Amino acid sequence: DGGITQSPKYLFRKEGQNVTLSCEQNLNHDAMYWYRQDPGQGLRLIYYSQIVNDFQKGDIAEGYSVSREKKESFPLTVTSAQKNPTAFYLCASKQGSDFISNQPQHFGDGTRLSIL
Amino acid sequence: ILNVEQSPQSLHVQEGDSTNFTCSFPSSNFYALHWYRWETAKSPEALFVMTLNGDEKKKGRISATLNTKEGYSYLYIKGSQPEDSATYLCSRAGGTSYGKLTFGQGTILTVHP
């Protein structure tokens, strides 16, 4: 089945530690996105990528980093500079470039990150 | 309106009731309006993508309308069923961001049998 796989489902971070969230898609989509959800808030965009080896900051990129070395993969690293990393993280992808607005986004099941 | 706002925040209805929720968004530089359904322990799934003023879309018992001039969209559910219980997310593509979506906080619907 085509889809988006996020792993792990739950992740715990110690103080001063970087952690990486995995996102893999086999939908052959060009655009990929990382969102963060906090209680009572809408999804907020962290980073997005339209094509391999290219990515742009979203609204809340500070303390996060990404890479896009393969079309299928868009891992998110939560660095120690992110002071409030506890949240639910969703990865999404979309057919066509980010400039196309009428294609729906497809989401993974999410990763819940907590601080130890 | 500067952000995407959804109302109500939560809603409890009885099985068989019809219900509707509202999404308000900035009307300037509008490109598209997306509705997603997010069931507990699952991933959000797309319901509708609408782009034109006056658009109406329907999928089974769920339908949506769009008014881009005044900046709102309604989502209707006819004859709600317990399996309709979910968070319904509205998001707008617009401004300088063609494809990037700005999400509302969602409406949590609970349908009681």
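Only a predicted model underlies this, so the values are computations on that prediction, with no experimental measurement involved.
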Validation row: B:Pro44, A:Leu90 side chains within 4.5 angstrom (heavy atoms): yes
A:Ile51 atom CD1, over 12 foreign heavy atoms within 6.0 Å: no
Aromatic plane relationship, B:Trp38 with A:Phe88 - under 30° parallel, 30 to 60° tilted, over 60° perpendicular: tilted
Single-linkage hydrophobic cluster, 4.5 Å side-chain cutoff, A:Val19 and A:Ile60 together: yes
Any pair counted as salt bridge (Lys or Arg N to Asp or Glu O under 4.0 Å), so long as it reaches residues 37-63 of chain B, sequence neighbours left out: B:Arg37-B:Glu45, B:Glu39-B:Lys42, B:Arg61-B:Asp84
Spacing of NZ belonging to B:Lys100 relative to CD belonging to A:Gln50, to within rounding of 0.5 Å: 7.0 Å
Heavy-atom contact with chain A under 4.5 Å, split by part of B:Leu89: side chain
ILVMFWY network linking B:Phe30 to B:Met50, side-chain heavy atoms under 4.5 angstrom: yes
Exercise: identify the closest heavy-atom pair between B:Ser43 and A:Gly108: CB-O, 2.9 Å
Verify same cluster id: B:Leu33, B:Phe21 (apolar side-chain graph, 4.5 Å): yes
Other residues, nucleotides, ligands: >12 heavy atoms within 6.0 Å of B:Glu83 CD: yes
Residues 37-45 of chain A: residues contacting chain B (heavy atom under 4.5 Å, by number): A:Gln37, A:Gly40, A:Gln41, A:Gly42, A:Leu43, A:Leu45
Leading residue by heavy atom contact count with chain A [cutoff under 4.5 Å; candidates B:Gln6, B:Gln9, B:His34]: B:His34
Selection from B:Ala41, B:Gly104, B:Gly106 maximising heavy-atom pairs under 4.5 Å formed with chain A: B:Gly104
Closest contact, heavy atoms only, B:Val49 versus A:Gln103: CG2-C, 4.5 Å
Interface moiety of B:Tyr36 toward chain A, non-hydrogen atoms closer than 4.5 Å: side chain
Connected via hydrophobic side-chain network under 4.5 Å: A:Val78 and A:Phe55: yes
B:Glu15, CD: over 12 other non-hydrogen atoms inside 6.0 angstrom: yes
hydrophobic_cluster_shared for B:Leu101 and A:Tyr33, side chain cutoff 4.5 Å: yes
